[in-house]
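Worksheet for the structure shown next.
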Number of protein chains: 2
Amino acid sequence: MSDLLERLRSRGWRLTSQRRVVAEVLDGDHVHLTADEVHARAAERLPEISRATVYNTLGELVTLGEVLEVATDGRAKRYDPNAHQPHQHLVCSACGTIRDVRPTGDPLAALPAAERFGFDVATAEVTYRGLCPDCA
Amino acid sequence: MSDLLERLRSRGWRLTSQRRVVAEVLDGDHVHLTADEVHARAAERLPEISRATVYNTLGELVTLGEVLEVATDGRAKRYDPNAHQPHQHLVCSACGTIRDVRPTGDPLAALPAAERFGFDVATAEVTYRGLCPDCA
DNA sequence: TCCTAAGATAGACCCAGTCTAAGTCAAGAA
DNA sequence: TTCTTGACTTAGACTGGGTCTATCTTAGGA
Ligand SMILES: [Mn+2]
Ligand SMILES: [Mn+2]
Ligand SMILES: [Zn+2]
Ligand SMILES: [Zn+2]
């Protein structure tokens, strides 16, 4: 994530303490935080940071392709820093934990031309659901 | 959908005009309406029907397994009467149209044990995205 | 050091959805 | 057929997640 700040700088971003702390909070593997969780953790280091700034920064990171939005079933969106390695998600139906997973093969291959209705299909997003070891 | 009303009656449902009209609105193929769209169409036939009743009825149909909720990327949920035939969704990235599609094979098969992290994986939900013929 | 446009902030606002309290009615009992 | 009652419906208040706006602050170049 340290090179993230470099990439942002080279794209003309001003490096404010708020942006730095949001980028730091998003560092790590299997990170899928809601905007409010990001705000709470950022506020531990920078108490005055506002919700609006967290939303703005997350939105900018998404636009730049540095962070992915993960839509979750009517609840708050989650933000995923693992944007450069294509992956899918495995979600616990009980506690909601999310893990990054990499299925074999191209998921697009499973959709035959006859089932494409003339669409130009570009991506496939897969959500696997089940019980995690703790909840089973 | 006419047998739906029968199934509901046999489960002890009171057959009110509101429930009947919501069931009618949900009839058809590739139907994926938001709650407000269901309400608007229901209100054409039954002008006094309330938003709360539409939400209640949709929720009950989902609980009974007669209708599926389709979560869509931060926007309003969509309600899908095609609950008895397993299928996936093909979404137009431009206009949002949703089609039901049936990929070949079991999507669960693409997730090797090593990528399951000890989860007891039960289902896989796939969203294919691309441009529909009209938008291409 | 100064200047200024980019960025941060508080809080109003919006939308999808839920909840509540009061009124209505489907359908079984008599 | 009428009566009764709890299941159902309703308007509108309320919530959570998110966006917008007007004002203030500041990174970073001159
Ligand atoms: Mn992820
Ligand atoms: Mn469908
Ligand atoms: Zn779990
Ligand atoms: Zn389209």
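Order of the sequence lines sets the chain letters (A, B, ...), proteins ahead of strands, with each chain counted from 1.
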Inset, instruction - Determine whether any donor atom in the side chain of B/Arg14 lies under 3.5 Å from an acceptor atom in the base of C/dA27, or the reverse, and answer yes or no. - result: no

Inset, instruction - Let me know, please, whether B/Trp13 or A/Glu60 comes out on the 5' side of the other along DNA chain C by nearest nucleotide. - result: A/Glu60

Heavy atoms of other groups near [X] [atom1], more than 12 under 6.0 Å:
X: B/Asp106; atom1: CG; answer: yes
X: A/Arg116; atom1: CZ; answer: yes
X: A/Arg41; atom1: CZ; answer: no

Inset, instruction - Would you jot down, in residue-number order, the residues of residues 45-58 of chain A having a non-hydrogen atom under 4.0 Å from DNA chain D? - result: A/Arg51, A/Ala52, A/Tyr55

Inset, instruction - Determine: side-chain N/O of A/Gln18 to OP1/OP2 of D/dT26, distance under 4.0 Å, yes or no. - result: no

Inset, instruction - Please state whether the phosphate of D/dT9, meaning OP1 or OP2, lies under 4.0 angstrom from any side-chain nitrogen or oxygen of B/Thr16. - result: yes

Legend entry - Residues B/Arg19, B/Glu60: salt bridge by 4.0 Å N-O rule: yes

Legend entry - Pair A/Glu115 + B/Arg102, salt bridge at N-O below 4.0 Å: no

Legend entry - Closest to the A/Arg19 side chain, choosing from C/dA27, C/dG17, C/dA8: C/dA8

Inset, instruction - For the residue pair B/His89 and B/His87, categorise the inter-ring angle as parallel (less than 30°), tilted (30 to 60°) or perpendicular (more than 60°). - result: perpendicular

Legend entry - Nucleotide D/dT10, atom C1' - distance to NE2 of B/His39 in whole Å: 10 Å

Inset, instruction - Return the residues of residues 89-96 of chain B meeting this criterion: a heavy atom under 4.0 Å from some atom of DNA chain C. Order them by number, or give none. - result: none

Inset, instruction - Hey, could you give me the CG/CD distance between B/Asn82 and B/Glu66, rounded to the nearest 0.5 Å? - result: 12.0 Å

Legend entry - Between CD on residue B/Gln88 and OH on residue B/Tyr128, distance to nearest 0.5 Å: 6.5 Å

